[in-house]
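Contents: one structure, followed by commentary.
Every chain is numbered from 1 and lettered A, B, ... according to where its sequence line falls, protein lines coming before strand lines. Since the structure is predicted, the reported quantities are computational estimates derived from the model, not experimental observations.
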There are 2 protein chains.
Amino acid sequence: MDVGVVIPETLEEARAHIAEALERRSWITIAALCKAWYEGRGASEATLGDRIVMVKPDGSIIVHGHRGFKPLNWQPETSAITVAIENSMLVLRALRRTPREILVLECSSVYAILIALNPEEGQFWMYVSEEEVREAIISDPSIVEEGLKIIDVEKPVEPGFVDLYARDKNGNIVVIEIKRVKAGEDAVKQLLSYVEAFRAKGIRARGILVAPSITENALKLLYLYNLEFKHVDLKKLYLSSAKRRARFKQLTDYI
Amino acid sequence: MDVGVVIPETLEEARAHIAEALERRSWITIAALCKAWYEGRGASEATLGDRIVMVKPDGSIIVHGHRGFKPLNWQPETSAITVAIENSMLVLRALRRTPREILVLECSSVYAILIALNPEEGQFWMYVSEEEVREAIISDPSIVEEGLKIIDVEKPVEPGFVDLYARDKNGNIVVIEIKRVKAGEDAVKQLLSYVEAFRAKGIRARGILVAPSITENALKLLYLYNLEFKHVDLKKLYLSSAKRRARFKQLTDYI
DNA sequence: AACTTTATATCGCTT
DNA sequence: AAGCGATGTAAAGTT
């Protein structure tokens with residue numbers, strides 16, 4: 001990646017550099033004192049303040065304030081970004097067609113511009129997604145219960161989809177709902193609706209909620225409806241993949 | 001805001017600047033070639049690639065790749081961030097206590113460091129939030145229906161809180177559920193549960209779902225349960241505030 | 001294109 | 001700390 005830094009003397013100089021960088025579809029980071037307006041699905045206004053603005057080659061624009069993980073303003077994929085000097089201000093406009101929305105930045109000072117070209121992409125993997133938990137249970141159903149046999153995956157049932165549809169060692173139908181994060185009342189209600197769909201047809205069905213943990217209220221609700229909870233250890237599951245064990249050791253060493 | 005830019009010659013120089021900036025709780029933006037690992041609620045790995053890393057004074061850390069609105073990795077508010085040279089790499093570690101998670105960046109090159117101190121905060125307003133829609137209806141209930149009288153706001157009812165609780169011109173109790181975005185089946189079910197709570201007590205109650213639009217499935221469900229839908233025009237509502245009209249004109253002129 | 005579901009959701013507020 | 005609801009949620013998958 002080639003990185004250039006500009007400390008502009010004037011707004012016109014800043015405008016010229018940003019215009020050229022936009023033209024070349026660079027990855028631009030701007031530190032500036034500016035106001036911001038957004039209008040589209042909602043509407044917002046930010047008074048004069050210091051911001052760091054990032055424009056990516058794909059047209060996404062992100063305006064950060066000095067705190068918080070979330071940007072103050074943004075535009076996921078714009079159809080057009082323009083830069084101009086108006087009334088002695090550097091004005092950036094990012095337009096989006098669907099939904100129709102606009103973000104306007106009015107900069108009174110530009111402290112620095114960082115322009116990056118030809119970035120190395122690298123690759124990215126997410127592990128232990130809900131899908132991975134499901135895959136792990138499919139390949140080893142004993143994680144949930146001894147003697148369980150998976151019959152179907154994401155089976156369509158009246159209110160939606162059950163994550164897993166199985167039979168226990170006694171021949172009972174078992175509906176399994178998987179949550180990768182702590183299960184709340186919603187998850188219980190969802191599982192209940194699946195189980196009810198079977199019970200309504202006169203079929204006896206067990207319902208098991210599989211999650212790393214569950215809230216107290218959700219557990220009460222679960223027992224009330226005669227459903228079951230099965231704790232699953234994500235860390236264990238993650239480690240069960242031999243390929244990842246080495247990397248994990250390295251990470252835990254840090255902690 | 002004071003902004004300094006460093007183009008480090010060596011990783012050790014980069015480390016020293018970042019360490020000092022972290023110490024001073026600066027707002028740091030780093031362009032670097034690095035690998036990343038995350039582990040906590042999930043787990044991820046990113047191979048060597050060019051990234052822009054932002055560390056804010058409150059400890060939030062955001063790692064951006066060259067495309068997409070979302071960062072590759074992040075940590076909302078960390079309890080500790082450290083920087084060190086290990087095996088000829090600049091290693092940044094961001095720890096979070098609750099939930100317990102860790103983000104590790106291993107940089108093999110640091111292209112540029114942007115360090116900002118004492119940023120001007122500025123102020124930020126969000127308009128046309130659900131709360132604003134509610135406020136507008138409270139101050140003018142005829143938006144929903146002629147002759148409506150608001151009795152209570154966020155009234156607790158068995159399954160939760162109704163947004164607005166009113167009486168129509170015929171004396172019927174009216175439960176109002178507000179959605180700022182297109183209403184889906186969830187919104188209908190929510191409204192239904194509130195209305196049912198009244199009907200269970202033998203009180204006749206109408207249920208009105210107020211939203212800018214509604215999905216087809218949700219509308220069918222609504223009619224099935226004998227509930228009502230009232231369209232509300234967010235733009236109109238937004239414009240009805242005289243203070244904002246001038247600004248809005250200016251913005252739409254841009255489009 | 002509309003709709004549904006997920007997310008390392010985040011964030012703010014209340015209990 | 002846990003629960004609950006809104007978000008300019010965004011993004012991905014499905015109908």
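Between the side chain of A/H231 and the backbone N or O of A/P212, at least one donor-acceptor pair lies under 3.5 Å. A donor-acceptor pair is defined here as one N or O able to donate and one able to accept, closer than 3.5 Å; such a pair exists between the side chain of B/T47 and the backbone of A/Q123.
At a non-hydrogen distance threshold of 4.0 Å, nothing from residues 221-232 of chain A comes into contact with DNA chain D.
For B/Y38, whose side chain is taken as the heavy atoms from C-beta onward, the closest listed nucleotide among C/dT8, D/dT7, D/dA10 is C/dT8. The side chain of A/V181 lies closest to C/dA9, out of D/dG8, C/dT6, C/dA9. With C/dT8, C/dT4, D/dT7 as the choices, the nucleotide that has an atom nearest any side-chain atom of B/E130 turns out to be D/dT7. With C/dC11, C/dT6, D/dT7 as the choices, the nucleotide that has an atom nearest any side-chain atom of B/S129 turns out to be D/dT7. Listed candidates were C/dT8, C/dC3, D/dT7. Nearest to the side chain of B/K182 is C/dC3. Among the nucleotides C/dC3, D/dG3, C/dT10, the one closest to the side chain of B/R96 is C/dT10. Here the nucleotide nearest the side chain of A/W74, chosen from D/dA10, C/dT10, C/dT8, is D/dA10.
Side-chain contact between B/L227 and B/L209 is absent, with no heavy atoms from C-beta onward closer than 4.5 Å.
The side chain of A/T215 contributes an N or O atom lying less than 4.0 Å from OP1 or OP2 of D/dG3. Proximity of A/R180 to the phosphate of C/dA9: a side-chain N or O atom is located under 4.0 Å from OP1 or OP2. Considering only side-chain N and O atoms, A/K70 lies nowhere under 4.0 angstrom from the phosphate OP1 or OP2 of C/dA9. Using a 4.0 Å cut-off, some side-chain N or O of A/R41 falls inside it from OP1 or OP2 of D/dA10.
When the P atom of C/dT4 is taken as reference, atom NZ of B/K220 falls 11 Å away, rounded to whole Å. We find that CE of B/M126 is positioned 5 Å from P of D/dG8, with the value rounded to whole Å. Rounded to an integer number of Å, the gap from CD of B/E154 to C1' of C/dG12 is 13 Å. One atom, CD of B/E131, and another, C1' of D/dG5, lie 13 Å apart when rounded to the nearest Å. Rounded to a whole Å, the CZ atom of A/F124 is 14 Å from the P atom of D/dA11. Distance A/I214 CD1 to D/dG3 C1': 13 Å, rounded to the nearest Å. Taking atom OH of B/Y238 as the reference point, atom P of D/dG8 lies 14 Å away to the nearest angstrom. A/L72 has its CG atom 18 Å from the P atom of C/dT10, to the nearest Å.
Donor-acceptor pairing under 3.5 Å, judged by distance alone, is present between the side chain of A/Q75 and the base of D/dG8.
Residues passing the side-chain contact (heavy atoms from CB on, under 4.5 Å) test with B/L221 are B/E185, B/V188, B/K189, B/L224, B/Y225, sequence neighbours excluded.
No cation-pi contact links B/K235 to B/Y238, judged by a cut-off of 6.0 Å to the six-membered ring centre and 45° from its axis.
One C1' atom belongs to D/dT7, the other to D/dA11, and the distance between them is 14 Å to the nearest Å. With both ends at atom C1', the span from D/dA6 to D/dA10 equals 15 Å, rounded to whole Å. Between C/dT8 and C/dT4, the distance separating the two P atoms is 22 Å to the nearest Å.
Base contact: A/P76 has a heavy atom under 4.0 Å from a base atom. Using a 4.0 Å heavy-atom distance criterion, A/N217 is classed as a sugar-phosphate-only contact.
Between B/Y165 and B/Y194, a ring centre-to-centre spacing not shorter than 6.0 Å is recorded.
For A/E120, the CD atom sits in a loose shell: 12 or fewer heavy atoms of surrounding residues, nucleotides or ligands are nearer than 6.0 Å. Around the CZ atom of B/F124, the shell of radius 6.0 Å holds more than 12 heavy atoms that belong to other residues, nucleotides or ligands.
Position along DNA chain D of the nearest nucleotide to B/E177 versus B/G68 favours B/E177 as the more 5'-ward residue.
One finds no salt bridge joining A/R96 and A/E77 here, because no Lys/Arg side-chain nitrogen approaches an Asp/Glu carboxylate oxygen to under 4.0 Å.
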